[in-house]
Amino acid sequence: MAKKLCNKKLAVLTSGGDASGMNACIRTVVRYGLNLGFEMYGIKHGYKGMVNDEIFPMDYSSVSNSVHAGGTILRSARCLEFKEKDVMLRAADNLIKRGIDNLIVIGGDGSFRGVEDLHENSELNVIGIPGTIDNDMGYTDSTIGYDTACNTVIDAILKLRDTITSHDRIMVLEVMGRMSGNIALNSAVAGGAEYVIVPEAPADVDDIAQSVKRGFDKGKTSTIILLAEGKNELKDELVKKVAEATNRRVNHMALGYMQRGGIPTMADRVLAARMAQRAVDLIECGQSGRVVGVRGGDIYDTTVLEALKIPKEFDEQLYNLAITISK
Ligand code: ADP
Ligand code: F6P
């Protein structure tokens, strides 16, 4: 591992898909860092901006009026070239030439691989904070932006229910999450969707179609099927078979990027602030190559390598409950 610098200068960036609550996180990193005597810097456009030298000083007022805002005031990006070692070292040099010795990265598991690369190969101390709507990282119970995204899905279920009930229809609502069914499952339980299809569990489309038919035969007036994007190859078959079985119109809608934006919930803002504090404390103690998580309500940290090894556990009990209570 490379020798580390020690100058009390700290930069922060957001990387990968934006998530509501990232601004609350940046705000605490900057203000808590200033309180501990760090000189603070922002990097625009994630690793891409680090490569392109988009680095600027931040003070208390740089984060004014941002705690409630969705998106990220630092902007975000995906930067495939950053995976190349010479590009990554060039990016690190842009910080080092300013005497910046510390970096906090807010992002998902891809961004965390960048944290590990920088930690292992550069003179920077680097800490990661999980910011992604997907909640797909096994080492942490939640990620910044997940709660807000689920609340957006729940709101969509409520509104879609009005129109499909008025027209006696069925809605297949596709939600984000990459290969994780967390957004779909938890939103289905909280929003009262009748069916949920996730990548972590098998789904029998014929069974679902017959079950939806039985529901209408018994007097149901609407049905919502939440489909996780990790299983969206079933979309066309699902729409066709449910329509045939019920002789009703089936609409498909992908909620899409709506899930990434909007006012962050209280839960996401507080999680963001608590994680930010731990990340700055780790930097203050000279730590590097670690990421912050939450377990059973407690903030903790572990090495990025350990974190990336832990698979996301699927909540089978909740899944079974969703199936039991919904039809
Ligand atoms: P997320 O962080 O939300 O999972 P991505 O997977 O797109 O989003 O990763 C964000 C960025 O992290 C990528 O654009 C790239 O710059 C960096 N990154 C991803 N994978 C790696 C890797 N294996 N090594 C180094 N950097 C990576
Ligand atoms: O990781 C967050 C996320 O919104 C996923 O749920 C989704 O699959 C992906 O990002 C979409 O990425 P992009 O912004 O590159 O379209």
Side-chain angles (χ1 to χ4, degrees), residues 12-22 25 43-52 54 70-72 74-92 94 103-122 124 126-140 142-150 152-153 156 173-187 198-199 226-233 235 254-262 268 289 291-293 304-305 307-309 312:
V12 56
L13 64 78
T14 47
S15 168
D18 64 295
S20 286
M22 279 182 163
C25 191
I43 303 172
K44 283 214 166 151
H45 299 117
Y47 291 132
K48 194 173 181 184
M50 195 169 155
V51 176
N52 295 335
E54 295 183 75
T72 158
L74 290 177
R75 312 285 190 271
S76 193
R78 304 198 199 266
C79 176
L80 293 182
E81 317 85 83
F82 190 79
K83 293 183 189 178
E84 294 160 29
K85 194 169 173 186
D86 58 324
V87 177
M88 182 264 297
L89 288 176
R90 192 148 40 88
N94 284 332
L103 173 66
I104 290 177
V105 172
I106 307 165
D109 58 343
S111 305
F112 279 12
R113 287 176 212 285
V115 168
E116 175 56 22
D117 285 358
L118 286 164
H119 161 67
E120 198 51 43
N121 299 296
S122 82
L124 300 171
V126 196
I127 300 293
I129 298 177
T132 166
I133 65 166
D134 300 336
N135 195 14
D136 57 351
M137 288 188 270
Y139 83 97
T140 183
S142 194
T143 54
I144 297 165
Y146 168 66
D147 186 68
T148 305
C150 287
T152 299
V153 176
L173 177 61
E174 190 180 320
V175 297
M176 280 184 166
R178 286 192 198 268
M179 289 315 292
S180 164
N182 261 317
I183 293 179
L185 173 56
N186 285 271
S187 303
V198 293
L226 270 199
L227 176 64
E229 72 166 318
K231 203 80 173 193
N232 71 358
E233 74 273 7
K235 180 186 83 185
L255 196 54
Y257 294 98
M258 299 261 309
Q259 293 158 96
R260 291 234 291 250
D268 271 331
V291 292
V292 180
V304 62
L305 280 181
L308 287 171
K309 265 191 240 154
K312 189 77 182 175

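Both counts, for ligands and for their atoms, begin at 1 and track the order of listing. Positions are given from 1, in the same order as the sequence printed here.
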Which atoms of ligand 1 have any heavy atom of [X] under 4.0 Å away?
X: G108; answer: 1 (P), 2 (O), 3 (O), 4 (O)
X: S15; answer: 10 (C), 11 (C), 12 (O)
X: G17; answer: 3 (O)
X: Y47; answer: 12 (O), 16 (O), 17 (C)
X: F82; answer: 16 (O), 26 (N)

Tabulation required: pairs of a nitrogen or oxygen in ligand 2 and a protein nitrogen or oxygen under 3.5 Å; columns are atom names and distance to 0.1 Å; otherwise 'none'.
| from | atom 1 | to | atom 2 | distance (Å) |
| --- | --- | --- | --- | --- |
| ligand 2 | 1 (O) | D134 | OD2 | 2.7 |
| ligand 2 | 1 (O) | R178 | NE | 3.4 |
| ligand 2 | 4 (O) | R260 | NH1 | 2.8 |
| ligand 2 | 6 (O) | D134 | OD1 | 2.7 |
| ligand 2 | 6 (O) | G177 | N | 3.2 |
| ligand 2 | 6 (O) | E229 | OE2 | 3.2 |
| ligand 2 | 8 (O) | E229 | OE1 | 3.2 |
| ligand 2 | 8 (O) | E229 | OE2 | 2.6 |
| ligand 2 | 10 (O) | R78 | NH2 | 3.3 |
| ligand 2 | 10 (O) | R260 | NH1 | 3.1 |
| ligand 2 | 12 (O) | R78 | NH2 | 3.0 |
| ligand 2 | 14 (O) | R78 | NH2 | 3.3 |
| ligand 2 | 14 (O) | R260 | NH1 | 3.1 |
| ligand 2 | 14 (O) | R260 | NH2 | 3.0 |
| ligand 2 | 15 (O) | R78 | NE | 3.1 |
| ligand 2 | 15 (O) | R78 | NH2 | 3.4 |
| ligand 2 | 16 (O) | Y257 | OH | 2.4 |

Interatomic spacing from [atom1] in [X] to [atom2] in [Y] - rounded to 0.5 Å:
X: I106; Y: T143; atom1: CD1; atom2: OG1; value: 12.5 Å
X: I104; Y: I43; atom1: CD1; atom2: CD1; value: 11.0 Å
X: I183; Y: D134; atom1: CD1; atom2: CG; value: 5.5 Å
X: C79; Y: H45; atom1: SG; atom2: NE2; value: 12.0 Å
X: S180; Y: E229; atom1: OG; atom2: CD; value: 9.5 Å

Practice problem: I would like to know whether M50 and N94 meet side chain to side chain contact (heavy atoms under 4.5 Å, CB included); could you show each step before the answer? | Solution: CA-CA 7 Å; M50 195 169 155; N94 284 332; 5.6 Å; no
Quiz item: Counting heavy atoms only, which of V51, L118, D117, L80 is nearest atom 25 (C) of ligand 1?
Solution: D117
Practice problem: Could you check which of G114, C79, S111, A19 puts a non-hydrogen atom nearest to atom 13 (C) of ligand 1? | Solution: C79
What is the closest protein heavy atom to [atom], and at what distance does it sit?
atom: atom 5 (P) of ligand 1; result: R78 NH1, 3.5 Å
atom: atom 20 (N) of ligand 1; result: K83 CE, 3.3 Å
atom: atom 22 (C) of ligand 1; result: R113 CB, 3.5 Å
atom: atom 19 (C) of ligand 1; result: G110 O, 3.2 Å

Practice problem: Using a strict cut-off of less than 4.0 Å between a Lys/Arg side-chain nitrogen and an Asp/Glu carboxylate oxygen, indicate whether R260 and D18 qualify as a salt bridge. | Solution: yes
Exercise. Might you work through the side chain to side chain donor-acceptor pair (under 3.5 Å) test for T14 and T72, ending with a clear yes or no?
Key: CA-CA 7 Å; T14 47; T72 158; 2.9 Å; yes
Quiz prompt | K48 atom NZ: more than 12 heavy-atom contacts under 6.0 Å | solution = no
Self-check item: Partners passing ring-ring contact (aromatic ring centres under 6.0 Å, His included) against F82 (at least two apart in sequence or in another chain)
Solution: Y47
Quiz prompt | S15 side chain to G107 backbone, donor-acceptor under 3.5 Å | solution = no
